Amino acid sequence: MRITLPELVRRMPKAELHMHIEGSLEPELIFALAERNGVALGWDSVETLRQAYAFEDLQSFLDIYYAGASVLLVEQDFYDMTWAYLLRARAGNVRHAELFFDPQTHTARGVPFADIVGGIGRALDDAGREWGMSGALIMCFLRHLDEDDAFATLEQAMPHLSRIIGVGLDSSERGHPPEKFARVFARCRELGLRLVAHAGEEGPPAYIWSALDTLRVERIDHGVRCVEDEALVRYLAAHRIPLTVCPLSNVKLRVFADMASHNLRQLLDADLAVTLNSDDPAYFGGYVEDNFAAAFEALPLDAGHAYQLACNSFDAAFLPPQAKAQYRAEVAAFFAAHT
Ligand code: HPA
Ligand code: ZN
């Protein structure tokens with residue numbers, strides 16, 4: 001059966017590798033949790049909160065994102081947030097999800113580390129048991145804080161490392177280059193954690209080089225500004241370094257003026273290992289399948305690109321080879337049936 005291209009990309013099996021779980025909190029859930037926990041919010045209704053989602057840049061988004069996350073206090077809150085995301089992910093045929101979380105945003109408010117990881121992990125376990133979705137947790141360090149704070153967070157994470165597959169670096173990029181975290185990433189590497197970092201979203205190509213050379217990351221989150229440095233593009237392509245690109249996020253945070261101006265096609269033409277992701281779906285106007293549909297509607301992309309992006313998402317995942325092969329077979333079967 002043939003289906004339209006937007007329908008094909010919405011329904012194809014995919015992995016999501018760049019999704020901040022705190023960025024999946026819809027305004028309705030923020031208000032429900034605020035009421036449940038007696039937390040005061042700076043907005044008087046779901047509508048006024050949603051109206052605040054008009055961002056000028058990364059920082060204007062982060063200010064609201066951290067305020068929204070302040071409603072999360074106990075294990076059940078983290079479970080409910082994650083379960084709501086997983087239900088949405090399932091609707092977009094996400095078969096594997098690697099979730100970022102920001103422990104420092106919560107431990108700074110006195111939330112025990114165990115409750116954060118426990119709630120998110122329990123929801124991932126339920127999704128695995130109930131519909132066979134696989135998942136993993138990536139702990140992000142906030143780059144606007146100092147490296148000592150990251151080390152203290154790693155210390156708190158030590159009893160929970162069996163639940164955490166890797167570490168990342170997020171929050172305000174400009175003025176906080178990757179090398180600020182060289183020592184803590186080296187320690188994480190010794191501990192056997194997988195390494196990723198946000199770089200080249202608002203920051204320059206030099207930040208991508210630094211993430212690769214000084215942090216030794218395996219994937220770059222965003223990375224869209226790599227095109228400003230030809231040698232960097234060649235390096236990323238030659239080493240198959242995945243870029244976890246988030247088109248709706250890039251448009252909302254004004255990295256690109258509109259979707260038609262996004263450089264996704266240029267990245268694919270340069271033979272880069274691009275994946276598509278939602279970043280913070282509740283804030284940026286859509287879940288991963290909405291990102292696919294929006295990009296494929298606005299840009300010159302075809303079913304071949306869709307197949308490539310679906311395969312890339314599983315190839316770039318932190319999954320064992322046999323699981324990757326199984327998911328790749330699901331992708332091939334889907335495309336055989338629908339194209
Ligand atoms: N960039 C940096 N930090 C973040 C983001 C992002 O898009 N989302 C949540 N934290
Ligand atoms: Zn991100």
Side-chain angles (χ1 to χ4, degrees), residues 15-26 30 52-70 72 78 81-82 85 89 97-106 108 116 120 136-145 149-150 153 166-178 180-181 195-204 207-208 210-211 215 217-226 242-256 262 264 274-288 290-291 313 316:
E16 173 144 66
L17 307 178
H18 182 165
M19 211 293 298
H20 304 262
I21 192 61
E22 296 91 345
S24 74
L25 274 179
E26 294 286 349
I30 290 177
Y53 292 1
F55 310 117
E56 279 154 32
D57 55 13
L58 176 56
Q59 192 58 51
S60 64
F61 153 70
L62 289 169
D63 293 343
I64 292 182
Y65 163 85
Y66 293 129
S70 71
L72 299 161
F78 289 89
M81 166 178 69
T82 309
Y85 162 72
E98 296 181 4
L99 308 184
F100 290 140
F101 70 112
D102 289 338
Q104 288 152 297
T105 301
H106 314 298
I116 305 167
I120 303 171
L137 275 178
I138 298 175
M139 169 171 83
C140 284
F141 298 121
L142 299 180
R143 67 203 303 160
H144 66 272
L145 301 177
D149 209 300
T153 303
V167 297
L169 188 63
D170 67 0
S171 190
S172 323
E173 187 178 6
R174 286 200 193 107
H176 302 286
K180 181 176 164 185
F181 296 92
L195 308 179
V196 301
H198 283 53
E201 176 186 17
E202 286 190 341
Y207 283 23
I208 302 177
S210 176
L215 302 188
V217 300
E218 300 168 70
R219 300 195 301 238
I220 297 287
D221 297 311
H222 293 297
V224 290
R225 286 193 59 192
C226 70
L243 302 184
T244 61
V245 173
C246 308
L248 286 172
S249 165
N250 292 155
V251 173
K252 272 277 187 184
L253 300 186
R254 305 197 188 174
V255 175
F256 297 97
H262 198 285
L264 171 61
V274 177
T275 73
L276 288 198
N277 309 270
S278 67
D279 209 5
D280 300 279
Y283 292 90
F284 297 149
Y287 287 77
V288 65
D290 303 313
N291 275 270
S313 74

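As the structure is a prediction and not an experimental result, all values here were calculated from the model. All ligand and atom numbering here is 1-based and tracks the order in the structure.
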Measure from every N or O atom of ligand 1 to the protein's N or O atoms and keep only the pairs below 3.5 Å, writing each with atom names and distance to 0.1 Å.
unit_1	atom_1	unit_2	atom_2	d
ligand 1	1 (N)	E201	OE1	3.0
ligand 1	3 (N)	S171	N	2.8
ligand 1	7 (O)	E201	OE2	3.4
ligand 1	7 (O)	D279	OD1	3.4
ligand 1	7 (O)	D279	OD2	2.7
ligand 1	8 (N)	H20	NE2	3.3
ligand 1	8 (N)	D280	OD1	3.4
ligand 1	8 (N)	D280	OD2	2.7

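- Checking side-chain atoms of E22 against main-chain N and O of D102 turns up a donor-acceptor pair under 3.5 Å.
- With H18 contributing its side chain and T244 its backbone, the two residues share a donor-acceptor pair below 3.5 Å.
- One N or O on the side chain of K180 and one on the backbone of L145 form a donor-acceptor pair closer than 3.5 Å.
- Tested against Y53 for a ring pair (Phe, Tyr, Trp, His ring centres under 6.0 Å), the candidates F284, Y283, Y65, F61 yield a single pass: Y283.
- Side-chain N or O atoms of E201 include none that pairs as donor or acceptor with a backbone N or O of E173 at under 3.5 Å.
- The number of protein N/O/S atoms found under 2.8 Å from the Zn ion (ligand 2) is 4.
- Under a 3.5 Å cut-off, the side chain of R225 and the backbone N or O of E202 do form a donor-acceptor pair.
- Q104 contributes no side-chain N or O that, together with a main-chain N or O of T153, makes up a donor-acceptor pair within less than 3.5 Å.
- Using a distance-only test at 3.5 Å, with no hydrogens or angles considered, a donor-acceptor pair links the side chain of N277 to the main chain of T275.
- Note: H20 and H198 have tilted aromatic rings, judged against thresholds of 30 and 60 degrees for the angle between ring planes.
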